[in-house]
2 protein chains.
Amino acid sequence: MNKHDLRILKTKHNVHLVLTNLLKKKPLAQIKVTELCREANINRGTFYFHYREIGDVFKELFEEVMFDLRESYHEPYRHTEFLEVEKLDPKTVRIFHHIKKYEDFYRIIFSKEVSTAYYYMFFDEIRAICIEDRNVVYFGEPSDYLYSFSANAIIGLVIEWYRRDFQETADEMNIHLVNILKIYGNRRNEKE
Amino acid sequence: MNKHDLRILKTKHNVHLVLTNLLKKKPLAQIKVTELCREANINRGTFYFHYREIGDVFKELFEEVMFDLRESYHEPYRHTEFLEVEKLDPKTVRIFHHIKKYEDFYRIIFSKEVSTAYYYMFFDEIRAICIEDRNVVYFGEPSDYLYSFSANAIIGLVIEWYRRDFQETADEMNIHLVNILKIYGNRRNEKE
DNA sequence: TCAATTATTGTACATTTGTTCAATAAAATC
DNA sequence: GATTTTATTGAACAAATGTACAATAATTGA
């Protein structure tokens, strides 16, 4: 019940460590509750007292990654000089650097075997960032649909990046984004 | 081994029917292999001869939905009159009607409990459609990143639609899309 | 420090999973 | 129609899941 109970903190911290280590050896879907408990020296009943499945533990780990993503938008940004396109909001481009930092996590959440729950955690975070940036990037009255459109568009880039095994640097990804936004701008211009 | 073996066809057809029925009663994640086999009157060994898990069966069902999506882009379209925006490629807008048609399936693949595998099946299909439409919609040299960006952007709309329980009609979704593409066009215009 | 609270343990149990294998039934092939 | 091929069955097994509960240990709060 009480989140600050030392026993709970100790157990969860322990479980987090063990899962992190197991993830270095095998994919998430192959990690058994029994196995995790044995390595963590806790009773299986204790596990089920806190979680429903292994995925719930990973969710807690990924929560910290999402915290870092949120955080990274509240500290001054150091990469703006690189981008040649002065019009693009520098905030947008921190995403790729963050992902590179937590590459191992994103390899998991974009893999085919895991639940979509983590995708949505990421989506909601990116979407929130899009909303914060609303004044800078968009014109006209923005809608919920626009935010979901924009957020998932950026994630589309990340999916492509993931499928290419994150070969490109974060800065190269920024350039891709800039170029694409250029194309989207031109498209309508030439049509009317 | 032989996909046309009558025994296999019969078994799979049977399994498909039973899963479809079970899905009316409970979510995918709660359906057990044992349960499915009991209802289908097949041996559990037979199941494991063809599939690894329940999800593999659902994948086969969803494959047919993806086939319909692909198909719908090869037959004449009947809804173009509605759209007031003459510039938008009519092909794009068939997506929402297709989704409405298979609403029950999309409720599953966008739910939090299922694997991302189905999302990727959908993504790849939408992406292929974007590539086919390349000449019409985009200018400049299109890249793989652009296609993933565009495809996932549209899926972003679908996610928002899903979260609103598919309340809007398909035609209303088309309008949302048109409006958003307008905004994206304007954005750059006003900046330079 | 002591009493109250509750997380953790150990155990037990029914169920499901995933795999193996020989026997059998069904379909393909000739 | 006879033979070959192979999908299906049934049975058995180890392992993992998920749940329940009383006993115990650790932590909290007074």
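In what follows, chains carry the letters A, B, and so on, assigned in the order in which the sequence lines appear, proteins first and then strands, with residues in each chain numbered from 1. Side chains included, hydrogens not; waters and symmetry mates left out as well; all remaining heavy atoms used. Source: prediction; values computed, not measured.
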Where the side chain of [X] is concerned, which of [options] is the nearest nucleotide?
{"X": "B:R44", "options": "D:dA7, D:dG18, D:dA12", "answer": "D:dA12"}
{"X": "A:I42", "options": "C:dT17, C:dT9, D:dT8", "answer": "C:dT9"}
{"X": "B:T11", "options": "C:dA27, C:dT19, D:dT8", "answer": "D:dT8"}
{"X": "B:Y48", "options": "C:dA27, D:dT17, C:dT17", "answer": "C:dT17"}
{"X": "B:F49", "options": "C:dA28, C:dA7, D:dT8", "answer": "D:dT8"}
{"X": "B:I8", "options": "D:dT27, D:dA7, C:dA7", "answer": "D:dA7"}

Side chain to side chain donor-acceptor pair (under 3.5 Å) partner of B:D144, chosen from A:H176, A:R164, A:R163: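 Result: among A:H176, A:R164, A:R163, A:R164 is the only option passing the side chain to side chain donor-acceptor pair (under 3.5 Å) with B:D144.
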
Gap between atoms [atom1] and [atom2], on [X] and [N] respectively (whole Å):
{"X": "A:H50", "N": "C:dT9", "atom1": "NE2", "atom2": "C1'", "value": "12 Å"}
{"X": "A:N43", "N": "C:dT6", "atom1": "CG", "atom2": "P", "value": "20 Å"}
{"X": "B:F47", "N": "C:dG18", "atom1": "CZ", "atom2": "P", "value": "9 Å"}
{"X": "A:D56", "N": "D:dG18", "atom1": "CG", "atom2": "P", "value": "11 Å"}
{"X": "A:K10", "N": "D:dT28", "atom1": "NZ", "atom2": "P", "value": "12 Å"}
{"X": "B:L6", "N": "D:dT6", "atom1": "CG", "atom2": "C1'", "value": "13 Å"}
{"X": "A:R7", "N": "D:dA26", "atom1": "CZ", "atom2": "C1'", "value": "5 Å"}

Stepwise side chain to side chain donor-acceptor pair (under 3.5 Å) check, A:Y73 with A:H98: CA-CA 10 Å; A:Y73 275 79; A:H98 157 85; over 6 Å; no

Sorted by number, the residues of residues 19-41 of chain A with heavy-atom contact under 4.0 Å to DNA chain D: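 Of all residues in residues 19-41 of chain A, the ones placing a heavy atom under 4.0 Å from DNA chain D are A:K32, A:V33, A:T34.
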
Donor-acceptor under 3.5 Å (B:T169 side chain, B:E172 main chain):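 Present.
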
Whether B:K10 side chain and B:D5 backbone form a donor-acceptor pair below 3.5 Å: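 Side chain of B:K10 to backbone of B:D5: no pair is present.
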
A:H4 side chain near D:dT28 phosphate (N/O to OP1/OP2, under 4.0 Å):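 A:H4 to D:dT28 OP1/OP2: no side-chain N or O under 4.0 Å.
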
Under-4.0 Å side-chain N/O to phosphate OP1/OP2 contact, A:T46 with C:dT9: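 Checking C:dT9 against A:T46, a side-chain N or O does come within under 4.0 Å of OP1 or OP2.
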
Residues that A:K26 engages under salt bridge (charged side-chain N to carboxylate O under 4.0 Å, His left out), provided they are two or more places apart: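 Listed in chain order: A:E35.
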
B:E125 and B:Y120: side chain donor to acceptor below 3.5 Å: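 Looking only at side-chain atoms, B:Y120 and B:E125 do not form any donor-acceptor pair under 3.5 Å.
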
B:D5 or A:L9, whichever maps to the more 5' nucleotide of DNA chain C: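 Of the two residues, A:L9 wins.
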
Test: B:R107 cationic atom under 6.0 Å from B:Y162 six-membered ring centre, within 45° of axis: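 Judged by the rule, B:R107 and B:Y162 form no cation-pi pair.
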
